[in-house]
Amino acid sequence: MLSCQLLPNFFIYATLLRRCTQMKDMMEGKRVHAHIIKSGMQPDIYLGNTLLNMYANTGSVIDTHRVFDKLPQKDVVSWNTMIVGYAKHGYGEEAFRLFHQMQQEGFKPDTVTCTSILKACTGPRALEWGKHIHSHIMKAGYNVDVRIGNALIDMYAKCGSLEAACQVFDVMPERDVISWTAMIVGLAQHGCGEEALQVFEQMRVEGVEPNAVTFVGVLSACSHAGLVEEAYGYFSSMCHQNGISPVGEHYGCMVDLLGRGGHLKEAEDLIKKMPVEADATVWGSLLGACRTHGNVELAECAAENCLQLEPKDAAVYVLLSHIYAAAGMWGSVTKVRNTMKERGIQKEPGRCWIEVENKIHTFVAEDRTHPQTEEIYAELDKLTGQMKEGGYVADTRCVMHDVDEGEREQAICYHSERLAIVYGLISTEPGTPIHIFKNLRVCSDCHTATKIISKIVRREIVARDANRFHHFKDGSCSCGDYW
DNA sequence: GACCAAGTCA
């Protein structure tokens with residue numbers, strides 16, 4: 001296209017730039033940019049924003065900001081594009097800084113700005129930020145916009161406030177398939193599988209046609225609620241009643257569901273029967289199930305398939321080594337670790353954080369860097385004693401060291417979750433709920449321990465791990481131990 | 001002609 005003799009006009013440049021939507025398209029995007037510069041044309045505001053969007057989708061935030069600074073003229077679309085770019089790259093704080101800066105420079109946020117900034121609400125401050133944006137939305141009268149409503153449901157569900165998500169959903173003047181799907185997914189992520197299915201039934205009653213994504217939510221709700229039979233029913237009605245052909249994600253949910261329920265053979269058979277090639281996610285689900293149900297042989301097969309598709313996925317190596325450790329196969333644990341080292345793959349360290357009086361406190365396992373370390377450890381030891389009196393026995397299967405049982409128990413008792421919870425207990429009023437966040441999935445022993453702690457201290461403990469919420473109360477968890 | 005909303009595993 002570019003080699004044609006006629007000088008390409010803005011429309012052609014914009015079309016070429018819009019094709020660059022992923023990181024792999026960056027070189028192509030830069031070539032078009034270089035061509036524009038060479039042609040001596042001064043891009044108008046539309047082309048400038050298209051260029052900015054190309055960098056935001058394919059490049060680094062630094063490159064994007066450079067283009068933004070050089071734009072001859074900016075409008076609200078330019079600011080929105082920047083906010084989206086930062087949010088996508090995980091720089092929530094930076095997105096919020098831009099949100100304030102645009103207003104200081106006299107640009108009024110529109111509905112697109114608001115839906116975009118809601119995406120940037122992640123991490124420990126997210127709920128506070130989200131509420132701030134929500135009040136901004138109400139003042140501007142944007143709350144009647146269906147996209148705004150949808151983004152609010154998603155934000156509140158992801159930030160831990162399921163009640164607020166339901167409230168937004170309930171008062172929406174108009175709902176589309178995305179509103180319903182966001183609500184179903186939100187409920188499923190909070191362990192409310194049954195409620196999610198009720199919402200789905202209500203959606204059908206109201207005559208809203210579910211789509212393929214809705215069924216991913218429905219199947220994931222079944223998975224988290226342990227409803228195997230129901231899932232088969234929904235899977236079949238999706239194909240026959242709604243005419244939706246299942247894709248990899250639907251099979252992924254089914255494999256996950258069967259695996260969690262211990263039907264490992266059925267899960268493996270389903271993978272073999274899939275009409276589409278199983279991706280790393282599907283094999284990852286099976287691998288996770290093998291850990292839960294302690295099947296070393298199948299785990300090796302699942303891990304091999306995962307690594308063939310995604311050789312650099314640290315989580316796969318970690319899971320496999322945990323499975324070996326649980327089976328006491330220390331030689332294999334060492335082998336996996338050495339392979340990781342040879343291939344330069346590093347595990348993300350487990351971290352937990354809690355907000356107390358507007359300050360974030362972060363902990364890693366066996367952390368002794370907090371100023372109140374002595375107090376935290378003394379309280380945790382006291383609590384562990386009470387837990388043992390109540391029948392708690394440490395489940396050390398996830399400890400990777402080949403050391404004696406005493407040391408393994410020691411390692412587990414000072415996991416980051418427990419340090420964060422205990423810090424929450426000693427620094428907040430009795431009876432108030434404690435919210436903690438974890439970058440990885442919560443380990444099974446900490447899950448058991450947290451249930452017992454919630455009963456002993458009579459507090460609700462809400463934990464957001466890498467992919468869902470756990471609400472611990474009176475000795476049990478909203479996930480029903482199914483996560 | 002440019003920017004925005006929902007998804008499984010770890």
Side-chain angles (χ1 to χ4, degrees), chain A residues 9-15 17-18 43-54 56-57 71 75-85 87-88 109-120 142 145-155 157-158 176-186 188-189 210-224 247-257 259-260 278-289 291 302-303 306 310 313-320 322 347-348 439-441 465-468 483:
Chain A
N9 61 20
F10 284 7
F11 182 77
I12 295 175
Y13 282 135
T15 309
L17 288 170
R18 271 204 308 276
D44 67 356
I45 196 152
Y46 290 99
L47 187 57
N49 286 337
T50 311
L51 196 57
L52 188 63
N53 187 45
M54 181 278 290
N57 283 325
L71 285 179
D75 64 2
V76 73
V77 176
S78 327
W79 288 94
N80 292 348
T81 307
M82 285 302 287
I83 289 171
V84 172
K88 266 188 192 158
D110 61 8
T111 55
V112 179
T113 320
C114 293
T115 48
S116 310
I117 196 79
L118 286 172
K119 271 272 157 220
Y142 293 158
D145 184 290
V146 68
R147 284 189 177 220
I148 289 276
N150 296 347
L152 280 171
I153 294 171
D154 183 52
M155 179 279 291
K158 289 206 170 83
D176 62 11
V177 62
I178 296 178
S179 328
W180 289 93
T181 305
M183 198 64 250
I184 291 166
V185 169
Q189 282 172 342
N211 64 22
V213 180
T214 315
F215 278 101
V216 173
V218 167
L219 294 176
S220 123
C222 291
S223 183
H224 288 293
V247 292
E249 286 91 335
H250 300 116
Y251 285 99
C253 288
M254 290 303 290
V255 168
D256 181 46
L257 171 99
R260 279 176 202 274
D279 64 6
T281 307
V282 175
W283 288 111
S285 297
L286 187 64
L287 184 60
R291 176 175 67 173
C306 275
E310 277 177 25
D313 192 345
V316 174
Y317 294 91
V318 174
L319 257 174
L320 187 62
H322 280 174
K347 170 189 184 283
E348 191 183 353
N439 63 333
L440 306 175
R441 186 177 180 274
D465 75 7
N467 57 352
R468 61 161 302 143
W483 87 101

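Only heavy atoms go into these numbers, but all of them, side chains included; no hydrogens, no water, no symmetry mates. Chain letters run A, B, ... following the sequence lines, proteins first, then strands; residues in each count from 1.
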Which part of the nucleic acid, if any, lies within contact of A:Asp279, taking any heavy atom under 4.0 Å across all strands shown: a base, the sugar-phosphate backbone alone, or nothing? nothing
If I take atom CG in residue A:Asn53 and atom C1' in nucleotide B:dC4, what distance separates them, rounded to the nearest angstrom? 11 Å
Tell me, do A:Val213 and A:Val177 make a side-chain contact under 4.5 Å, heavy atoms counted? no
Has A:Arg260 got a side-chain N or O lying under 4.0 Å from the OP1 or OP2 atom of B:dC9? yes
Is A:His250 near enough to B:dC9 that one of its side-chain N or O atoms lies under 4.0 angstrom from OP1 or OP2? no
Give the nucleotide from the list B:dA2, B:dT8, B:dC3 with an atom nearest to the side chain of A:Thr50. B:dA2
A:Ser116 has a side chain; which of B:dC4, B:dC3, B:dA5 sits nearest to it? B:dC4
For A:Ala280 versus A:Cys306, what's the shortest heavy-atom pair and its separation? O-SG, 3.7 Å
How long is the line joining CG of A:Asp256 and P of B:dA10, in whole Å? 6 Å
What does A:Thr281 touch in the nucleic acid at a heavy-atom separation under 4.0 angstrom: a base, only the sugar-phosphate, or nothing? base
Nearest of B:dT8, B:dA10, B:dG1 to any side-chain atom of A:Ser220? B:dT8
Under 3.5 Å, is there a donor-acceptor pair between the A:Asn49 and A:Asn80 side chains? no
Any side-chain N or O of A:Lys88 below 4.0 angstrom from OP1/OP2 of B:dC3? no
Picking from B:dG1, B:dT8, B:dC4, which would you name as closest to the side chain of A:Val216? B:dT8
Scan A:Val84 against the nucleic acid and name what it touches under 4.0 Å (heavy atoms): base, sugar-phosphate only, or nothing. sugar-phosphate
CG (A:Asn57) and NZ (A:Lys88) are apart, to the nearest 0.5 Å, by 4.0 Å
When rounded to whole Å, the CG to P distance for the pair A:Leu152 and B:dA5 reads 13 Å
Using the side chain to side chain contact (heavy atoms under 4.5 Å, CB included) rule, take A:Val185 and A:Ser220 through it: C-alpha gap first, then chi angles, then the decisive distance, then the call. CA-CA 8 Å; A:Val185 169; A:Ser220 123; over 6 Å; no
Among the candidates B:dA10, B:dC4, B:dT8, find the nucleotide nearest to the side-chain atoms of A:Glu249. B:dT8
Closest nucleotide among B:dA10, B:dC3, B:dA2 to the A:Tyr46 side chain: B:dA2
Could you tell me if the side chain of A:Ile184 sits less than 4.5 Å from the side chain of A:Thr214, heavy atoms only? yes
Quick one: the side chain of A:Thr115 and the base of B:dC4, do they pair up donor-acceptor inside 3.5 Å? yes
Tell me what A:Asn211 touches on the nucleic acid: a base, only sugar-phosphate, or nothing, going by heavy atoms under 4.0 Å. base
Rounded to the Å, how far apart are A:Tyr142 OH and B:dC3 P? 18 Å
Give one of base, sugar-phosphate or nothing for A:Asp176, where a contact means two heavy atoms less than 4.0 Å apart. base
May I have the distance from A:Arg18 (atom CZ) to B:dC3 (atom P), rounded to whole angstrom? 7 Å
Roughly, in whole Å, what's the span from CG in A:Leu51 to C1' in B:dG1? 14 Å
So do A:Asn150 and A:Asp176 actually touch side chain to side chain, heavy atoms under 4.5 Å? yes
Send over the distance from A:Leu440 CG to B:dC9 C1', rounded to a whole Å. 14 Å
Return the nearest nucleotide to the side chain of A:Asn49; candidates are B:dA5, B:dT8, B:dA2. B:dA2
Which nucleotide sits closest to the side chain of A:Asp154: B:dT8, B:dG7, B:dA10? B:dG7
If I take atom CG in residue A:Asp313 and atom P in nucleotide B:dA10, what distance separates them, rounded to the nearest angstrom? 11 Å
Tell me whether the OP1 or OP2 atom of B:dC4 has a side-chain N or O from A:Arg147 closer than 4.0 Å. no
Just to be sure I understand the rule, does A:Glu310 reach a base, reach only the sugar-phosphate, or reach nothing, if contact means heavy atoms closer than 4.0 Å? nothing
